[in-house]
Amino acid sequence: MAPEVLLAILGMAVASYLCRAGGYWAMGFVPITPRLRAVLDAVPIAVMAAILAPIATTAGPAEAAGLVVALAAMRLAGNDLVAVIGGVAAVALVRAVAA
Amino acid sequence: MTVSFTRHGLRHGMRRSWPLAVGSFAYGIGFGAMADQAGLAWSEAVAMSALVYAGAAQIVALGIWSDPIPLLAVWLGVFAVNARYVLLGATLRPWLAGLAAHRSYATLGLISDGTWAMALRERTAGRDDAAFLVGSGLALWVAWVSSTGVGHALGAVVGEPRRLGLDFLLPAFCAVMAVALWRGRRDAAPVLAGAGAAALVAHLAAGPWHVVAGVLAGGAIAAVRAPNGSGTHGA
């Protein structure tokens, strides 16, 4: 394993553990305010939106179809694996037709 | 206050969590295939799952993985996606504070959304054995790590992943997670701010900084719109 990859993974592990243990530790002496709670609640979905935004703005027909199918399947079926497989299948299908 | 922490609770947690472990296994196959796409070696993908043990955060890290690895952005991404664990951990304080510190802090290393929710239901039902969290966490960890290895191996034998749309696994997972995380209209502002800031920054600069910009914008909007109670001004 390359040292750079190992460093990246170890840093990720530390970040992950600090999130898991940090709230418990902090509750020992400070309350979590409504404002902090609102930020912690909102940040994960903001990350997903941030990753998707440049993909959505540069998407071709195949990627656009994949996004629509994945989002619609998740809303309708509520099953994340079905939705992901549907989105990937839509991309493969449009590419096959367009090729 | 003392809390029980027994082998029986551990085994009970393992048995009760098998549906979650099956879901984790399926999800891990997807992550393993994505890690192969992103250029990680088999051992690197498995080590990441074993040490980080956070699906969404690991997928976000793959999304900004490049050569050289943008370490700071990867670590910040993990923090941002796992921010919710701060709240989960905080809610466990009244329960785990009765344990010795080495036990409570080791238990926290294994929490995940599903096992946390299941364990709180157990406690509400009067079964307060905190080893339930360890047993269910271990079951999901084994499923997650082993399936990462399987998924990576499968991804490596598929060949020409673009034809199968496998390069779209990562965006599809992010879109699906956004829907799963959606709690209604109060999430609209952070989502729009995060997406807008990210689209703008991605246009201006290559690399992972659009994700950092999205986190800052989304977090800032949420802070401004939060109900008051922290002593600062705001609506």
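None of these values were measured; they are calculated from a predicted model. Lettering follows sequence order; numbering is per chain, from 1.
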- Min side-chain heavy-atom separation B:Thr91-A:Met27 under 4.5 Å: no
- Note on the structure: Interface check, chain B: of A:Arg37, A:Arg75, A:Glu4, most non-hydrogen pairs under 4.5 Å belong to A:Glu4
- Shortest non-hydrogen separation from B:Gly218 to A:Ala46 and the atoms involved: CA-CB, 3.9 Å
- Note on the structure: Ranking B:Asp167, B:Leu216, B:Thr107 by heavy-atom pairs under 4.5 Å to chain A gives rank one to B:Asp167
- Message: Using heavy-atom distances under 4.5 Å, tell me whether A:Leu6 contacts chain B through its side chain, its backbone, both, or neither.
- Response: neither
- Query: Under 4.5 Å, heavy atom to heavy atom, which residues of residues 170-184 of chain B contact chain A?
  - Reply: B:Leu170, B:Pro171, B:Ala172, B:Phe173, B:Cys174, B:Ala175, B:Val176, B:Met177, B:Ala178, B:Val179, B:Ala180, B:Leu181, B:Trp182, B:Arg183
- Query: Contact part of A:Leu52 toward chain B, heavy-atom cut-off under 4.5 Å: side chain, backbone, both or neither?
  - Reply: side chain
- Based on non-hydrogen pairs under 4.5 Å, which of A:Ala2, A:Ala83, A:Ala26, A:Gly28 is most in contact with chain B? A:Gly28
- Message: Given heavy-atom pairs under 4.5 angstrom as the criterion, report whether the side chain, backbone, both or neither of B:Ala41 touches chain A.
- Response: neither
- Is there any residue in residues 69-79 of chain B with a non-hydrogen atom under 4.5 Å from a non-hydrogen atom of chain A, and which ones are they? B:Ile69, B:Leu71, B:Val74, B:Trp75, B:Val78, B:Phe79
- Item | Minimum-distance pair of heavy atoms, taken over all atoms of A:Ala38 and B:Ala226 | CB-CB, 3.6 Å
- By a 4.5 Å heavy-atom criterion (distance strictly below it), what part of B:Ala222 contacts chain A: side chain, backbone, both, or neither? both
- Identify the heavy atoms of A:Met12 and B:Trp65 that sit nearest to each other, and give their distance. SD-CZ3, 4.3 Å
- Note on the structure: In terms of heavy-atom pairs under 4.5 Å with chain A, the winner among B:Ala202, B:Ala54, B:Gly194, B:Gly109 is B:Gly109
- Between chain B and each of A:Asp41, A:Leu93, A:Val94, count heavy-atom pairs under 4.5 Å; write down the option with the most. A:Asp41
- Just grab all the side chain to side chain donor-acceptor pair (under 3.5 Å) pairs involving residues 25-46 of chain B, residues at least two apart or on different chains. none
- Within the distance-only criterion (no hydrogens, no angle test), does the side chain of A:Tyr24 pair as donor or acceptor with the backbone N or O of B:Ser104 below 3.5 angstrom? no
- Options B:Val215, B:Leu88, B:Leu87, ranked by heavy-atom pairs under 4.5 Å with chain A, top entry: B:Leu87
- Item | Heavy-atom contact with chain B under 4.5 Å, split by part of A:Arg95 | side chain
- Item | chain A contacts, top residue of B:Ala217, B:Pro190, B:Ala80 (heavy-atom pairs, under 4.5 Å) | B:Ala80
- Heavy-atom proximity to chain B below 4.5 Å, by part of A:Leu40: both
- Note on the structure: Most heavy-atom pairs under 4.5 Å with chain A, out of B:Gly214, B:Pro208, B:Ala195, belong to B:Ala195
- Message: Please rank A:Ile45, A:Val91, A:Val43 by heavy-atom pairs under 4.5 Å with chain B and give me the top one.
- Response: A:Ile45
Would you tabulate the side-chain donor-acceptor contacts of residues 13-20 of chain A under 3.5 Å, counting partners in other chains and residues two or more places apart, or write 'none'?
{"residue": "A:Ser16", "atom": "OG", "partner": "A:Arg20", "partner atom": "NH1", "Å": "3.3"}
{"residue": "A:Ser16", "atom": "OG", "partner": "B:Val52", "partner atom": "O", "Å": "3.0"}
{"residue": "A:Ser16", "atom": "OG", "partner": "B:Asn82", "partner atom": "ND2", "Å": "3.0"}
{"residue": "A:Tyr17", "atom": "OH", "partner": "B:Tyr105", "partner atom": "O", "Å": "2.7"}
{"residue": "A:Arg20", "atom": "NE", "partner": "B:Ile111", "partner atom": "O", "Å": "2.6"}
{"residue": "A:Arg20", "atom": "NH1", "partner": "B:Val52", "partner atom": "O", "Å": "3.4"}
{"residue": "A:Arg20", "atom": "NH1", "partner": "B:Tyr53", "partner atom": "O", "Å": "3.3"}
{"residue": "A:Arg20", "atom": "NH2", "partner": "B:Tyr53", "partner atom": "O", "Å": "2.5"}
{"residue": "A:Arg20", "atom": "NH2", "partner": "B:Ile111", "partner atom": "O", "Å": "3.1"}

- Query: Of all of B:Arg93, B:Arg186, B:Gln58, B:Met48, which one pairs up most often with chain A through heavy atoms under 4.5 Å apart?
  - Reply: B:Arg93
- Task: Can you tell which part of B:Pro68 gets under 4.5 Å to a heavy atom of chain A, answering side chain, backbone, both or neither?
- Result: both
- Whether over 12 other heavy atoms sit under 6.0 Å from B:Trp209 CH2: yes
- Using non-hydrogen atoms and a 4.5 Å limit, figure out which bit of A:Ala96 sits close to chain B: side chain, backbone, both or neither. neither
- Kindly give the heavy-atom pair with the smallest separation between B:His210 and A:Ala50, and that separation in Å. CD2-O, 3.3 Å
- Are A:Val88 and B:Leu164 close enough, and set up right, to give a side-chain contact (heavy atoms from CB on, under 4.5 Å), and what steps lead you there? CA-CA 7 Å; A:Val88 168; B:Leu164 294 173; 5.9 Å; no
